[in-house]
Amino acid sequence: MVKITFPDGNIREYESSISGLDIAKSLSQKLAKEALSITVNGEIWDLSRNITTDSTISINTFDEKDGKYAYWHSSAHLMAEAIESLYPGTKFGIGPSIENGFYYDVDFGDTKVTDADLPKIEQKMLELARKNQEYKRREVSKDEAMAYFTQKGDEYKLELISELQDGTITFYEQGEFTDLCRGPHLHDTSQIKAVKLTSLAGAYWRGDEKRKQLTRIYGITFPKQKLLDEYITFLEEAKKRDHRKVGKELELFTFSEKVGMGLPLWLPKGTQLRERLQAFLQKVQKEYGYEPVMTPHIGGKELYVTSGHYAKYGKDSFQPITTPNPNEEFLLKPMNCPHHCEIYKFKPRSYKDLPIRFAEFGTVYRYEQSGELHGLTRVRGFTQDDAHIFCRPDQLLDEFKKVIDIVLYIFKTLSFDNFITQISLRDKEDRSKYIGSDENWEKAENAIIQAAAEKGLETVIEYGEAAFYGPKLDFMVRDAIGRKWQLGTIQVDYNLPERFELEYTGEDGKKHRPIMIHRAPFGSMERFTAVLIEHTGGKFPLWLTPDQVVVLPISEKFQDYAQKVSQFLNKNDVRAFVDERNEKIGRKIRDNELKRIPFLLVVGEKEAETNQVAVRRQGQGDQGVMSLEDFTIFVKNEVEKELN
RNA sequence: GCCGGUGUAGCUCAGUUGGCCAGAGCAGCUGAUUUGUAAUCAGCUGGUCGGGGGUUCGAAUCCCUCCACCGGCUCCA
């Protein structure tokens with residue numbers, strides 16, 4: 001007998017060696033039909049695999065992450081089977097389940113495959129799925145595994161097998177297709193009802209740009225057509241929030257081929273938005289004891305040789321600027337920190353002066369690879385809301401925690417509640433990518449881990465994501481279609497102070513080395529604005545939006561009153577303007593609603609006579625009539641509430 | 001940088017297999033209308049069909065090449 005503990009704590013006994021599917025059947029027919037995988041003691045298993053020891057289990061349907069995992073993984077195999085039958089001789093790399101669907105990296109050899117071929121593969125997948133083929137798990141020896149793929153001529157699978165331990169290798173087979181795979185998989189293909197292959201792209205084998213590029217096909221499948229339709233609708237809705245589209249509609253920013261790719265041009269409305277964001281942060285920083293500084297857009301090459309940036313990024317950057325003097329070279333500033341180090345060195349510093357916090361909205365230029373550019377989220381010229389804190393070792397933890405407070409405050413004010421907090425540490429295997437001593441890295445990494453823990457942050461640790469001079473705490477936010485972007489970042493750095501020979505005189509009269517914290521709560525104004533646009537769909541908070549109120553006169557007769565209303569509002573620090581066009585009121589409402597102006601004031605004869613305004617709130621329709629004074633106070637209160 | 005796709009007016013898009021001076025809606029301009037809660041009507045302007053080269057009697061359409069953009073990969077101080 002085996003004791004099975006269910007998620008609700010119930011325990012049932014079964015005859016020994018019972019499969020997940022049988023357990024599901026014992027609970028309900030419906031569950032058995034919908035079950036996709038089973039989690040056994042924290043490990044995801046096939047439903048058909050027998051459980052032989054007492055276990056805690058949960059049965060996963062498509063509603064559970066672990067269910068989707070098996071479902072999409074099996075779908076990847078189904079796609080591979082379809083591809084193999086349509087394109088015999090295709091070699092397969094890896095084909096995992098991902099957050100939304102799955103992909104498979106394949107080598108089609110000399111056959112050229114484009115997205116026009118995807119529907120054909122979809123059809124084949126559905127055809128194969130209808131055969132209700134079972135996914136059969138089989139343990140194989142390493143020799144057997146090697147022999148199979150040698151005969152098949154699939155060098156990718158052979159490479160993967162060569163790295164596995166004998167005795168841990170499993171094959172999965174469904175229909176005509178056999179794959180090296182850890183599993184788990186569905187019981188059979190019958191649950192795969194709706195298929196959409198979404199895109200096709202090149203992907204380097206094992207993520208190594210020096211190796212062969214395979215063809216990656218992305219897809220997603222669902223147990224019901226309706227779910228696929230919903231997913232497609234969701235994607236279409238997400239596209240409407242794309243910051244590149246909204247940025248154009250609301251006239252926030254643009255690009256010009258003549259100016260150069262990845263070099264954004266901020267239009268008047270976008271500039272207003274950005275300046276307001278900057279003013280907001282400046283106010284916060286002032287409260288936290290930051291001092292503004294300014295530095296030029298270029299700096300002598302030696303500055304970056306000293307910092308190590310030149311050695312690390314020099315060849316992939318905008319090339320040095322030369323002058324008539326043959327020995328003189330400048331770099332377009334890729335970072336603000338070296339400049340700030342030089343400001344620190346302006347005069348001798350005492351331990352009493354620390355911490356020193358230099359803040360600058362510093363514009364930097366980086367030669368990002370052309371294929372990497374993306375709207376405002378990845379550009380070649382951008383402005384960091386940068387600051388460098390120079391502090392003593394005993395101040396480090398406290399200073400770091402204060403920066404976390406700033407980031408959290410900003411995210412809260414802008415309603416970014418779905419962010420990921422990531423601790424980015426050194427690569428465990430390859431330390432050659434980093435500068436500085438192990439001892440200092442250790443200290444820096446521990447400081448971040450401790451500060452994050454003391455602040456109660458739920459963090460994920462990523463190895464190999466650190467900057468070359470120090471570890472980071474990164475705040476990541478998703479965009480409209482789920483891509484993750486790093487916004488806020490806080491970094492601990494023992495290395496640049498050393499390279500720039502920064503010092504302060506301690507209580508003991510001796511020279512000591514300060515520690516630097518690099519930090520940018522927004523990250524960059526460009527990327528932050530982009531993510532803000534996608535989160536709000538262009539409906540910015542009232543305090544931030546470029547135009548807060550538009551006054552709509554019913555006809556030209558009431559232009560004068562409309563102007564009076566607008567002037568009154570502006571005098572009282574409410575940003576308003578008049579829609580002076582000779583259009584009907586319906587038209588004016590429609591156009592200004594689409595421009596996401598928070599308040600629309602309709603004014604005609606009645607309002608003009610009584611000094612009132614008919615208020616309409618964006619997306620919420622008519623709100624009734626108010627006196628102009630009351631409305632002004634109301635708007636100001638709303639702004640106050642947002643910024644509390 | 002690599003793989004795949006796309007590129008027609010300020011914007012959104014027609015223009016199938018090469019064939020009369022390249023079209024529509026919106027925007028813009030002019031005029032009429034003077035409007036009460038999501039598009040008033042009419043007229044006009046606007047395009048070297050991404051750039052360059054080629055094939056052809058003839059190219060937006062076919063070929064080559066470059067550029068930009070889109071989706072990935074790689075990268076991200």
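Treat the numbers as computed from the prediction; the structure is a model and nothing was measured. Chain identifiers are assigned alphabetically (A, B, ...) following the order of the sequence lines, protein sequences preceding nucleic acid strands; residue numbering begins at 1 within each chain.
Checked against the 6.0 Å centroid criterion, the rings of A/F361 and A/F522 do not qualify as a close aromatic pair. Here the two rings, on A/F631 and A/F599, have centers that are under 6.0 Å apart.
Using a 4.0 Å cut-off between charged side-chain N and carboxylate O, A/E583 and A/R590 make no salt bridge. Under 4.0 Å is where a charged nitrogen must lie from a carboxylate oxygen, and between A/K472 and A/D474 at least one such pair does.
No side-chain heavy atom of A/Y104 sits less than 4.5 Å from a side-chain heavy atom of A/I217. Within the 4.5 Å cutoff, the side chain of A/R596 has heavy atoms near those of the A/V246 side chain.
The ring of A/F468 does not lie on top of the base of B/A77; it is either too far (5.5 Å or more) or too tilted (30° or more).
If you check the side chains of A/T383 and A/T363, you find a donor sitting under 3.5 Å from an acceptor.
A close approach under 4.0 Å does not occur between any side-chain nitrogen or oxygen of A/K333 and OP1 or OP2 of B/A77. OP1 and OP2 of B/G72 both lie 4.0 Å or more from every side-chain N or O belonging to A/S199. For the pair A/R216 and B/G71, the criterion of a side-chain N or O lying under 4.0 Å from OP1 or OP2 is not met. Under 4.0 angstrom from either OP1 or OP2 of B/G71 there lies at least one side-chain N or O belonging to A/H374. Contact annotation: A/R244 side-chain N/O to B/G71 OP1/OP2 distance is under 4.0 Å. Taking side-chain N and O atoms only, A/Y218 has a distance below 4.0 Å to OP1 or OP2 of B/C73.
Using N1 to N3 plus N6-O4 or O6-N4 for Watson-Crick, or N1-O2 and O6-N3 for G-U wobble, each under 3.5 Å, B/U16 pairs with nothing. With both pairing distances under 3.5 Å, B/C44 is matched to B/G28 as a Watson-Crick or G-U wobble pair.
At the heavy-atom level, A/R483 lies under 4.0 Å from the strands shown only through sugar-phosphate atoms. Contact annotation for A/I585: backbone-only contact, meaning every heavy-atom pair under 4.0 Å involves sugar-phosphate atoms and none involves a base. Among the protein residues, A/K112 comes within range of the sugar-phosphate backbone only, with heavy atoms under 4.0 Å from sugar or phosphate atoms but none that close to a base. Residue A/D622 is in base contact, counting any heavy-atom pair closer than 4.0 Å across all strands shown. In this structure, A/K606 reaches the bases: a heavy-atom distance under 4.0 Å links it to at least one base atom across the strands shown. Within the nucleic acid shown, A/T114 comes within 4.0 Å of sugar-phosphate atoms alone, with no base atom in reach, counting heavy atoms only. Among the protein residues, A/A203 comes within range of the sugar-phosphate backbone only, with heavy atoms under 4.0 Å from sugar or phosphate atoms but none that close to a base. Nucleic acid contact for A/E257: sugar-phosphate only, since backbone atoms but no base atoms lie under 4.0 Å from a heavy atom of the residue. If you check every strand for non-hydrogen atoms under 4.0 Å, A/E249 touches nothing. The residue A/G586 sits close only to the backbone: its heavy atoms come under 4.0 Å of sugar-phosphate atoms, none of a base. At the heavy-atom level, A/Y469 lies under 4.0 Å from the strands shown only through sugar-phosphate atoms. At the heavy-atom level, A/G371 lies under 4.0 Å from base atoms of the strands shown. Within 4.0 Å (heavy atoms only), A/K312 reaches no atom of the nucleic acid at all.
The CG atom of A/L373 sits 14 Å away from the P atom of B/C2 (whole-angstrom rounding). Atom CD of A/Q486 is separated from atom P of B/C76 by 12 Å (rounded to the nearest Å). If you measure from atom CD of A/Q384 to atom C1' of B/C76, you get 12 Å, rounded to the nearest angstrom. Counting to the nearest Å, the P atom of B/C76 and the NE2 atom of A/H309 are 13 Å from each other. When rounded to the nearest whole Å, the span between CD of A/E465 and P of B/A77 equals 8 Å. Rounded to whole angstrom, the span from the NZ atom of A/K240 across to the P atom of B/C11 amounts to 21 Å. Going from atom CZ of A/F500 over to atom C1' of B/A77 covers 13 Å, rounded to whole Å. We find that CG of A/L594 is positioned 10 Å from C1' of B/A39, with the value rounded to whole Å.
A donor N or O paired with an acceptor N or O is found under 3.5 Å between the base of B/G1 and the side-chain atoms of A/Y204. Not a single donor-acceptor contact under 3.5 angstrom links the side-chain atoms of A/E209 to the base of B/C2. In this model, a side-chain donor or acceptor of A/R378 finds a partner on the base of B/C75 within 3.5 Å. Judged by distance alone, with hydrogens and angles left aside, A/E607 brings a side-chain donor or acceptor within reach of the base of B/G36, the pair sitting under 3.5 Å.
Closest to the side chain of A/E583, out of B/A77, B/G5, B/U40, is B/U40. Taking only side-chain atoms of A/R527, from C-beta outward, the nucleotide of B/A77, B/C76, B/G72 with the closest atom is B/C76.
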Could you walk me through whether A/Y469 and A/H518 pass the ring pair (Phe, Tyr, Trp, His ring centres under 6.0 Å) test, one step at a time?
CA-CA 11 Å; A/Y469 51 74; A/H518 307 240; 4.6 Å; yes
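The gap from the P atom of B/G18 to that of B/U56 amounts to 16 Å, rounded to the nearest Å. To the nearest whole angstrom, the two P atoms, one in B/C3 and one in B/A59, are 32 Å apart. Taking the P atoms as reference points, B/G31 lies 49 Å from B/C63, given to the whole Å.
Taking the nucleotide of RNA chain B with the nearest heavy atom to each of A/I589 and A/C337, the more 5' of the two is matched to A/I589. Where A/Q213 and A/R616 meet RNA chain B, the nucleotide closest to each residue was compared, and A/Q213 sits on the side nearer the 5' end.
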